[in-house]
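Given the structure is predicted, the values throughout are model-derived calculations rather than measurements.
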Amino acid sequence: MTKNPTIKLVIRCIWGAIALVATICTLTDHISFLGGDCRPFTMFFTSWSVWIATLAAVSALVSTIKKDEKTPQWVNLVKFCAIIMMIATFVISAFVLPDKIWKASYWTLGSVFKHFLLPIITVADTVMYDEKGSYKVYYPFSALVVPLIYWTAVIGRFCAARGSNGGAIPANLWDQYYPYGFTNIDNGHSLFGLIRLLAIILVALVAIGYGFYFAKKEYKK
């Protein structure tokens, strides 16, 4: 970990710039100007991850500019949530949606910034600059609050839509209710399978969270 404050400031400025571009992309990437169709940008987990990471980047940058001797606890918590959500974004993009990664249409400016650059620099800043003892033991579970709210809202929304459409959402409306292909329970996937996959991911994220916690834990000599 480098102690040079100038390098730290530069890295956090770069982090903030990447986060800003990624945030702008969350507001524009899902608009089809040719077809006039606009999918709700709030329906994508990536968008929420980017917003949390942007809040973390801005908070950390302000703390650095103010030359805080110790990072405020609320900033540490936001950063920890951002780490977990960014890792989830990266893992899902790289391993749950592998068919998309190998398509040229996937590699847009927004996709690169949201799915790859922002997760990488968020984790890198954490590894380099978060102080020992900066995390609390409950952080790995606190980091799941936004993901749980998000997935509960998404599943509740498409289940309600299925109920009001005779038990299945018409194919022409899939894009409005299913944010990702693996969530589409009207096209070969099951609700049980989706919940099982999400449960596995959440358990893995808790494990990763405790990995960061113990890596930054301050042990008494």
Side-chain angles (χ1 to χ4, degrees), residues 1-30 41-42 44-94 107-150 205-206 208-218:
M1 178 176 66
T2 178
K3 297 291 186 179
N4 189 310
T6 302
I7 295 177
K8 181 179 181 179
L9 179 61
V10 169
I11 289 177
R12 288 192 164 170
C13 284
I14 293 172
W15 182 21
I18 290 174
L20 177 61
V21 173
T23 295
I24 293 173
C25 289
T26 65
L27 306 177
T28 60
D29 271 3
H30 304 291
F41 55 82
T42 55
F44 297 96
F45 181 81
T46 299
S47 297
W48 291 95
S49 300
V50 168
W51 299 335
I52 296 294
T54 300
L55 176 59
V58 172
S59 302
L61 180 57
V62 170
S63 179
T64 302
I65 293 173
K66 290 171 61 180
K67 298 182 179 179
D68 291 333
E69 291 186 7
K70 194 170 184 180
T71 305
Q73 199 60 52
W74 72 270
V75 176
N76 287 329
L77 178 56
V78 172
K79 279 196 70 180
F80 197 92
C81 293
I83 299 163
I84 299 305
M85 293 183 70
M86 282 283 97
I87 288 175
T89 294
F90 179 84
V91 169
I92 291 174
S93 297
W107 293 95
T108 62
L109 175 70
S111 184
V112 170
F113 271 82
K114 293 184 298 182
H115 298 112
F116 297 97
L117 293 182
L118 188 54
I120 289 170
I121 196 167
T122 300
V123 172
D125 181 273
T126 298
V127 171
M128 291 188 293
Y129 297 118
D130 281 10
E131 303 98 347
K132 289 285 186 180
S134 57
Y135 303 152
K136 302 296 184 182
V137 69
Y138 58 84
Y139 276 17
F141 290 99
S142 298
L144 299 183
V145 171
V146 174
L148 285 172
I149 292 174
Y150 166 80
L205 291 178
V206 170
I208 292 171
Y210 275 108
F212 278 98
Y213 168 76
F214 285 113
K216 291 292 183 178
K217 184 176 174 59
E218 195 168 31

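The two residues A88 and F45 come nearest to each other via the heavy atoms CB-CE2, 3.9 Å.
Under the 4.5 Å side-chain criterion, counting only non-hydrogen atoms from C-beta, P72 is in contact with D68. Taking the side chain as every heavy atom from C-beta outward, T26 and T46 never approach each other to under 4.5 Å. Side-chain contact between L20 and W15 is absent, with no heavy-atom pair separated by less than 4.5 Å. Residues V137 and F214 have side chains not in contact (no heavy-atom distance under 4.5 Å, counting atoms from C-beta outward). The shortest distance between side-chain heavy atoms of Q73 and K136 falls below 4.5 Å.
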F141 vs L205, test: side chain to side chain contact (heavy atoms under 4.5 Å, CB included). Steps then yes/no. CA-CA 9 Å; F141 290 99; L205 291 178; over 6 Å; no

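Not a single side-chain hydrogen bond (donor to acceptor under 3.5 Å, both in side chains) links T126 to another residue, sequence neighbours left out. In this structure K70 satisfies the side chain to side chain contact (heavy atoms under 4.5 Å, CB included) test with no other residue, sequence neighbours excluded. Residues forming a side chain to side chain contact (heavy atoms under 4.5 Å, CB included) with A53 (at least two apart in sequence, or on another chain): A82, M86, L118, T122. For S59, there are no side-chain hydrogen bond (donor to acceptor under 3.5 Å, both in side chains) partners at least two apart in sequence or on another chain. Not a single side chain to side chain contact (heavy atoms under 4.5 Å, CB included) links I120 to another residue, sequence neighbours left out. Annotation: ring pair (Phe, Tyr, Trp, His ring centres under 6.0 Å) contacts of F113 (sequence neighbours excluded): none. The side-chain hydrogen bond (donor to acceptor under 3.5 Å, both in side chains) search around Y150 returns none, not counting sequence neighbours. By the side-chain hydrogen bond (donor to acceptor under 3.5 Å, both in side chains) test, S134 pairs with no residue at all, sequence neighbours left out. The ring pair (Phe, Tyr, Trp, His ring centres under 6.0 Å) test applied to F212 returns no partner, not counting sequence neighbours. Applying the side chain to side chain contact (heavy atoms under 4.5 Å, CB included) criterion to L9, with sequence neighbours excluded, gives C13, L61, T64, I65.
Within the structure, the ring pair (Phe, Tyr, Trp, His ring centres under 6.0 Å) test picks out the following pairs touching residues 66-87 (sequence neighbours left out): F80-Y135, F80-Y139. The list of salt bridge (charged side-chain N to carboxylate O under 4.0 Å, His left out) pairs with a residue in residues 116-125, not counting sequence neighbours, reads R12-D125, K79-D125.
Looking at I83, I84, L77 one by one, the single match for side-chain contact (heavy atoms from CB on, under 4.5 Å) with C81 turns out to be L77.
K216 places a side-chain N or O within 3.5 Å of a backbone atom of V127 that can act as its donor or acceptor partner.
Note that CG of L117 is 11.0 Å distant from CD1 of I14, once rounded to the nearest 0.5 Å. For the atom pair CG of N76 and CD of E131, the computed distance is 6.0 Å after rounding to the nearest 0.5 Å.
Counting non-hydrogen atoms of neighbouring residues, nucleotides and ligands closer than 6.0 angstrom, the NZ atom of K132 exceeds 12 such neighbours.
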